[in-house]
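First up is the structure itself, then whatever we jot down about it.
Chain letters run A, B, ... following the sequence lines, proteins first, then strands; residues in each count from 1. Model, not experiment: these values are computed from the prediction.
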There are 2 protein chains.
Amino acid sequence: MTDTHLQDYIERIAHLIRSETRIAGADFDLQPIQQSALHYLAHANRYSDTPQAVTEYFGLTKGTVSQTIKALEAKGLLERGADAQDGRKVHLKVTPAGKKLLKKTMPARTVTGVWADMDEGMRTDLLVHLKNLLQDLQRKNEMNAFGVCKTCRFNRKTGDNRFFCELTQEPLRPAETELLCREHETSTA
Amino acid sequence: MTDTHLQDYIERIAHLIRSETRIAGADFDLQPIQQSALHYLAHANRYSDTPQAVTEYFGLTKGTVSQTIKALEAKGLLERGADAQDGRKVHLKVTPAGKKLLKKTMPARTVTGVWADMDEGMRTDLLVHLKNLLQDLQRKNEMNAFGVCKTCRFNRKTGDNRFFCELTQEPLRPAETELLCREHETSTA
DNA sequence: TAATATAGTTTCGAATCGAAACTATATTAA
DNA sequence: TTAATATAGTTTCGATTCGAAACTATATTA
């Protein structure tokens, strides 16, 4: 057992999932990376719903991401919004049509099947391991890890169901704290 | 935690590894899938060193694989051989140049790094989980799982360091039993 | 001997992706 | 208050990936 096995397994699993995703999306003219990006954007908070964040999340280049977003927008699954403070930034909102589509395509069918067949212990173990692996790789590549407020060191609870972000110095609605943030830093508490 | 997380982690990890693999191979004009195929063929036994086997191993189509092989052959990293019994089959041998190259590119650098940072328990846990996941997906897709003789139900030990395959009815050299086989079926012993 | 199955190649077109050049807005330094 | 630099994003380009389908050739089965 060596480190090539790790790379090998990941690659083969990814190929299988990708090939399924391709089939699942074919009925809706949705490519794998388009589905993934749409899925991400449906779960990203207001600091993280930009092309730049998508770029970081998937480790792609900004040119590639720009193409993907253009395609999704043309299909009416995504809408572009301006940023009030920064004229360079673009905010991407998934349209109702986009959300409807996501329900049909994500996750891939056999992933759901395999998941359903696992017992609870196996599920959490697997996710914990994958998460650690991802974070280790991201750390080595000096990338942001992304995460939700609950586990973030910048998150402060200011009352019953009221939260405040110490980084952006803004209050957050409870629902927002469930979304992914590119500025997330694990709390060391 | 839901099944979308699983798909999500796998995809992001795969993207990172792939992007590194691309960089590692750039110096040698080797694409990610070319590296992977070459690596596989360097570890495949004589029943599994064919284009068809590569197709199954990575879950690609035969047309795609044919392209990849052509490219590797043109670069002198792979050589084509005929099958003595079946005129349709092609056997693919990695050349010394190919083996030399593999040592330099596989596995990707940060994968090696992350692996080195893990303790032994973590390593085996992670690999076991990934292997299970892969096999579950393969079972659901009615694909061959690939594996080495040691864990195969067709493998019979016929003496000191002597082995025999009950499926192909052929004796196997000890070194061969360490290679990957597309006909592998887990022994239920 | 004919029909079918399997192994592999070729051709085609769509999509992926990175690299590099480019525009526009922000931030920092002089 | 400019000028320089950094950041966000788009566009263009070309190489590669990939699947689908048509094709050739050999094996197997009827």
How close or far is atom [atom2] of [N] from atom [atom1] of [X], stated in whole angstroms?
{"X": "A:Asp83", "N": "D:dT7", "atom1": "CG", "atom2": "C1'", "answer": "13 Å"}
{"X": "A:Gln31", "N": "C:dC17", "atom1": "CD", "atom2": "P", "answer": "10 Å"}
{"X": "B:Ile69", "N": "D:dC18", "atom1": "CD1", "atom2": "P", "answer": "13 Å"}
{"X": "B:Phe58", "N": "D:dT17", "atom1": "CZ", "atom2": "C1'", "answer": "14 Å"}
{"X": "A:Lys70", "N": "C:dC17", "atom1": "NZ", "atom2": "C1'", "answer": "14 Å"}

Open item on the list: Any donor-acceptor pair, under 3.5 Å, between the side chain of A:Thr64 and the base of C:dG18, if you only look at N and O atoms?
Closed with: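 Between C:dG18 and A:Thr64, which were checked side chain against base, a qualifying N/O pair under 3.5 Å is present.
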Open item on the list: In terms of relative ring orientation, are B:His129 and A:His129 parallel, tilted or perpendicular, with 30° and 60° separating the classes?
Closed with: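 B:His129 and A:His129: tilted rings.
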Across all strands shown, which nucleotide pairs with [N] by Watson-Crick or G-U wobble geometry, both distances under 3.5 Å?
{"N": "C:dA19", "value": "D:dT12"}
{"N": "D:dT26", "value": "C:dA5"}
{"N": "C:dA29", "value": "D:dT2"}

Task: Out of C:dA7, C:dG8, D:dG9, whichever nucleotide has its closest atom nearest the side chain of B:Thr50 - done: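 From the listed options, C:dG8 comes nearest.
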Open item on the list: Measuring from the side chain of A:Arg88 (C-beta onward, heavy atoms only), which nucleotide among D:dT17, C:dA26, D:dT10 has the closest atom?
Closed with: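 For A:Arg88, the side-chain atoms sit closest to C:dA26.
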Test: [X] and [Y] ion pair at under 4.0 Å:
{"X": "B:Arg12", "Y": "B:Asp8", "value": "yes"}
{"X": "B:Glu73", "Y": "B:Lys70", "value": "no"}
{"X": "B:Lys104", "Y": "B:Asp27", "value": "no"}
{"X": "A:Arg182", "Y": "A:Glu56", "value": "yes"}

Open item on the list: C:dT11, OP1 or OP2 - any side-chain N/O from B:Gln67 closer than 4.0 Å?
Closed with: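 B:Gln67 to C:dT11 OP1/OP2: no side-chain N or O under 4.0 Å.
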Task: Any A:Arg22 side-chain nitrogen or oxygen under 4.0 Å from OP1 or OP2 of C:dT16 - done: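 No, outside the criterion.
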Task: Of A:Asp29 and A:Thr61, the one whose closest DNA chain C nucleotide lies more 5' - done: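 Checking each residue's closest nucleotide, the 5'-ward one belongs to A:Asp29.
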Task: 5′-ward residue of the pair A:Gly59/B:Lys62 relative to DNA chain C - done: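 First, find each residue's nearest nucleotide; the 5'-ward one identifies B:Lys62.
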